[in-house]
Every structure is written in structure tokens, then in C-alpha cells.
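Reckoned from all heavy atoms, side chains included, excluding hydrogens, waters and symmetry mates. The structure presented is a predicted model; accordingly, all values stated were derived computationally and were not measured.
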Amino acid sequence: MTVLEDSPFVRACRGLPGPHTPVWFMRQAGRSLPEYRKIREGIGMLESCRRPDLVTEITLQPVRRHGVDAAILFSDIVVPIAAAGIDLDIVAGTGPVVAAPVRTAADLERLRPITADDVDFVAESVRLLVAELGQTPLIGFAGAPFTLASYLIEGGPSRTYLKTKAMMYAQPELWHALLSRLAEITLTFLRTQVDAGVSAVQLFDSWAGALSEADYRSFVMPHSARVLRGLQDAGVPRIHFGVGTGVLLEAMGEAGADVVGVDWRTPLDVAAKRIGPDRAVQGNLDPAILFAGWDVVEREARRVLAQGQAAPGHVFNLGHGVMPETDPEILTRLTALVHEASAR
Ligand SMILES: Cc1c2[nH]c(c1CCC(=O)O)Cc1[nH]c(c(CCC(=O)O)c1C)Cc1[nH]c(c(CCC(=O)O)c1C)Cc1[nH]c(c(C)c1CCC(=O)O)C2
């Protein structure tokens, strides 16, 4: 195993002091970078995720350009469910689209368990990256059972999660069977990445903010906890992130996270109080602020750094992913600002 324990990123995840506050950006690899748009020309998203040469190059692009403190594996949350036998595509500008949604017990048969061999291209990509990255940690990731289930049940992105919630309330047995299968797939996917050498993992429950705390605790948390607790002995920090999860932060920590990701709606000092003294926080500059001019970016980044002091460890990030229209030079400048302003 190659957990880079002395890196500023892993130290902050563990609540230990370091030379500066580490920073990386969700979706740092992607359409905001001209070199990404160029390399992806004529190659589908899923195909590019399955080619270790492309994965390696795309993952390294933002590390070279911005000097961020961590790389995140270039992949997608639907990669393991495609490997599990679900016919799906990632449509540019839309997101994952599932050919035949999963809505009945019979449909669930199409989602089979996976083994490490089904995602061997991911292990190969991680090995290549760890060799290239040297002292910069690589973050592995997966989608959490609820967020994955929402794509499978709705058939694509949704704003209301009507079919997802209808299944959750009306067919709790089918719901729990689906989420436990997704938890097993997710755990295998993350274990494969850990075994190949990632220094941390992030579990993305991007859409869990659609739920009340009570429903999150009874319908979702046991399955996410199965994934996070299943990695307890892996020795890597576990980050747990969602959008609009202000009321869920405590539960998302309790599910078995070392670091809780926070979006821009909850100030980090408030979040740290909710999450408690045993876990670090990650976040939470509003990605829209990057469009407001440098003076605003600087002021807001300093505010985020100050509020992050309330937690035992702080990993600077945006509150959600980099928007494709973002000027990449702002991200480079922001990375340098975070390093300078937090230098100890
Ligand atoms: C919900 C979700 C998905 N995928 C992911 C999530 C959780 C994170 C979040 O909340 O944003 C996770 C993800 N997807 C991608 C990464 C790469 C690593 C990184 O953060 O740099 C990560 C961590 C690449 C990608 N995944 C996708 C792209 C864009 C497709 C492209 O470049 O052709 C990238 C770079 C496609 C995708 N895949 C998904 C969406 C919503 C989209 C965007 C659709 C679009 O705007 O085109 C599902």
C-alpha cells in the first residue's frame, strides 16, 4: 500500500497539522481545460474511462497545470454499474442515461455483482498514476448507493427523484435489495482502487440532499455505512460528500467517514460543529464565485480558510464540481492563494 501519510492532503484528512491547507477541486479534470477537450476529441466518455493511457494523462493534466495537492482518478460513478452489466451511456451535457431503468425485482437481476477483474482497467490506471505522481496523493472514488440508485431507477438525471422516492416508500424490500447490491459493487470498486494504490477515497452521494435526515438514516445510511465501514481496515482516509446535505452532515460523518465534504450552503464552522471534533471537513467555495472576478474569489477563499479552522483538519475544495466554463487560470491562482494564505 502506498498511502502518502506525510503529504499535506492526507495529514489534513487525518486532522494533523501540515505546512499549508491542501487544495484540490472536484471535477478538476474536465472541460474547463483545453488540453482535456483536445485529448477527448472523438472519444466517448465511457471509452476514455476504460483506457489507462488516457485516464493517466487526463488525471495528470490538472496536477501539472494548477499544482493541486491531490489528483483524482479520471473515471465516472457509473463505470462500475456498466461493468455490472447495465446498458448505459454518458451523454455530453446531460450525464448518465440508462437504456432500461431498474424498477422491479426482475430488473434487479440485470445488476450482477462485480469482481476486481471486471474493472481491471481501473487498477491498471491507478498503478500507472501512482508511479507518475510521486509524492502527490491519488484519490479514488465511487458513487454512493443512493446516488447510483437514482440514475438506475430514473433512467437518467432527475430534479425531483420521484420514481426513486416512490420505490423507497412503496417497495422498501426491493429498495433495500437494490441498495445492498449497489453497496457490494461500490465496495469492490473502491477496494480495487485501494489495492492498486490510491491514498484516499471519496464516496460521492451527490444527490442525497433530496432526503430528510430521518429517511436518510433509515433508507440510505446503512448502505453507505456498509461501504465506508467495509474500508475501515484499508488504511486510507474516507471522504463522504453530497450536495445540499446541510441537515445530513452529522449522519454522513457517522456513516464512517474521516472527512465530510460540505457544499457552499453551510459555512465550514457551522458544519464542523454539526460533524463533531473527530472528523475533518472538505470544501466549500461556491463554484459560481469563480465567475465573479479575482477580488471576490480572494475574499471568499480567505473566508473559507478562516471558517475551516474550526475543524480538526480542512481540505480546501469547491462546494461542488468545477463548471465547464470556468477560466482555468483562476483555479491556478486560487491554488497558489490557498497555499500562501494558509502557510504555517
Ligand atoms: C453525479 C456524478 C456523475 N459523475 C460523478 C458524479 C459525482 C460528482 C458530482 O456530484 O458532480 C463523478 C465524476 N465524474 C467525473 C469525475 C472525474 C474526476 C474529477 O473530479 O476530475 C468524477 C469524480 C468525470 C466526468 N463525468 C462526466 C464528465 C463530462 C463529460 C465529458 O467531458 O464528455 C466528466 C469530465 C459526465 C457526467 N457524469 C455524471 C454527470 C452529472 C456528468 C456531467 C454531464 C455533463 O455535464 O456533460 C454523473
Side-chain angles (χ1 to χ4, degrees), residues 1 45-47 49-52 55 73 75-90 96-127 139-156 163-164 167-168 171-198 201-208 218-236 238 240 255-257:
M1 220 164 36
M45 177 66 193
L46 275 176
E47 189 197 337
C49 294
R50 292 184 183 124
R51 284 184 43 185
V55 171
L73 180 72
S75 184
D76 196 83
I77 58 168
V78 296
V79 163
I81 46 183
I86 298 291
D87 182 6
L88 60 85
D89 196 10
I90 300 178
V97 176
V98 176
V102 174
R103 293 177 188 160
T104 65
D107 292 338
L108 188 54
E109 298 307 308
R110 287 189 276 118
L111 182 71
R112 43 175 192 74
I114 61 167
T115 66
D117 285 344
D118 295 314
V119 286
D120 55 354
F121 53 90
V122 172
E124 176 62 13
S125 302
V126 169
R127 283 190 293 265
I139 305 169
F141 75 92
F146 174 80
T147 292
L148 293 177
S150 80
Y151 285 107
L152 287 176
I153 299 166
E154 304 289 337
K163 295 188 173 74
T164 308
M167 184 199 285
M168 187 176 94
Q171 297 174 273
E173 238 171 80
L174 177 59
W175 172 264
H176 285 294
L178 172 60
L179 267 78
S180 0
R181 190 158 305 183
L182 288 168
E184 292 313 315
I185 291 168
T186 299
L187 187 52
T188 303
F189 187 55
L190 288 174
R191 274 254 170 228
T192 305
Q193 297 176 50
V194 170
D195 291 344
V198 299
V201 294
Q202 177 154 330
L203 188 65
F204 282 95
D205 211 349
S206 300
W207 314 136
S218 48
F219 292 107
V220 174
M221 190 173 153
H223 304 288
S224 298
R226 165 86 188 105
V227 177
L228 292 167
R229 300 245 165 80
L231 292 167
Q232 194 139 33
D233 63 352
V236 300
R238 299 155 295 176
H240 195 187

So do T192 and T115 actually touch side chain to side chain, heavy atoms under 4.5 Å? no
Is it true that E47 and R50 make a salt bridge, defined as a side-chain N closer than 4.0 Å to a carboxylate O? no
Would you say W207 and T164 make side-chain contact, with heavy atoms under 4.5 Å? no
Side chains of V198 and L190: closer than 4.5 Å at any heavy-atom pair? no
Could you grab the distance from atom CG of L187 to atom OG of S180, nearest 0.5 Å is fine? 12.5 Å
Could you pull out all residues at least two apart from E154 that satisfy salt bridge (charged side-chain N to carboxylate O under 4.0 Å, His left out)? none
Go through the structure and list residues passing side-chain contact (heavy atoms from CB on, under 4.5 Å) with R229, not counting sequence neighbours. A225, Q232
Would you give the length of the straight line joining atom CG of L228 to atom CZ of R238, rounded to the nearest 0.5 angstrom? 6.5 Å
Side chain to side chain contact (heavy atoms under 4.5 Å, CB included) between L203 and L231, intermediate numbers included: CA-CA 11 Å; L203 188 65; L231 292 167; over 6 Å; no
Rounded to the nearest 0.5 Å, what's the gap from OG on S125 to CD on Q193? Could you check? 9.5 Å
Between A99 and P101, the two heavy atoms sitting closest are O-CD, 3.8 Å
State, to 0.1 Å, how close I185 and A84 come at their nearest heavy-atom pair, and which atoms those are. CD1-CB, 3.8 Å
Measure the acute angle between the ring planes of F141 and F204, then classify it against the limits of 30° and 60° as parallel, tilted or perpendicular. perpendicular
Please confirm whether the backbone N or O of I114 pairs with a side-chain atom of D118, one donor and one acceptor, at under 3.5 Å? no
Is any side-chain heavy atom of L182 less than 4.5 Å from a side-chain heavy atom of H223? no
Any chance you could measure L178, atom CG, to Q171, atom CD, to the nearest 0.5 Å? 10.5 Å
Would you give the length of the straight line joining atom CG of L179 to atom CE of M168, rounded to the nearest 0.5 angstrom? 9.5 Å
Say you draw a straight line from CH2 of W175 to CE of M167; how long is it, rounded to the nearest 0.5 Å? 7.5 Å
Do the side chains of I81 and L148 get nearer than 4.5 Å, heavy atoms only? yes
Answer yes or no: is there a side-chain heavy-atom contact under 4.5 Å between S75 and F189? yes
R110 side-chain N/O to A100 backbone N/O, donor-acceptor pair under 3.5 Å: yes
Could you tell me whether a side-chain N or O of T147 sits under 3.5 Å from a main-chain N or O of G143, the two making a donor and an acceptor? no
What are the two closest non-hydrogen atoms of V98 and L88, and how far apart are they? CA-CB, 4.1 Å
Contact summary for P172 and F219, nearest pair of heavy atoms: CB-CE2, 4.4 Å
Could you give all pairs that pass the salt bridge (charged side-chain N to carboxylate O under 4.0 Å, His left out) test and reach residues 183-192, with sequence neighbours left out? E184-R226, R191-D233
List the atom of H240, the atom of A255, and the distance in Å for their closest heavy-atom pair. CE1-CB, 4.0 Å
State, to 0.1 Å, how close D76 and P96 come at their nearest heavy-atom pair, and which atoms those are. OD2-CG, 4.3 Å
Between I86 and Y151, is there a side-chain heavy-atom distance shorter than 4.5 Å? no
Please assess L73 against V122 for the test side chain to side chain contact (heavy atoms under 4.5 Å, CB included), listing each intermediate value before the final yes or no. CA-CA 9 Å; L73 180 72; V122 172; 3.9 Å; yes
Non-hydrogen side-chain atoms of F121 and V79 separated by less than 4.5 Å: yes
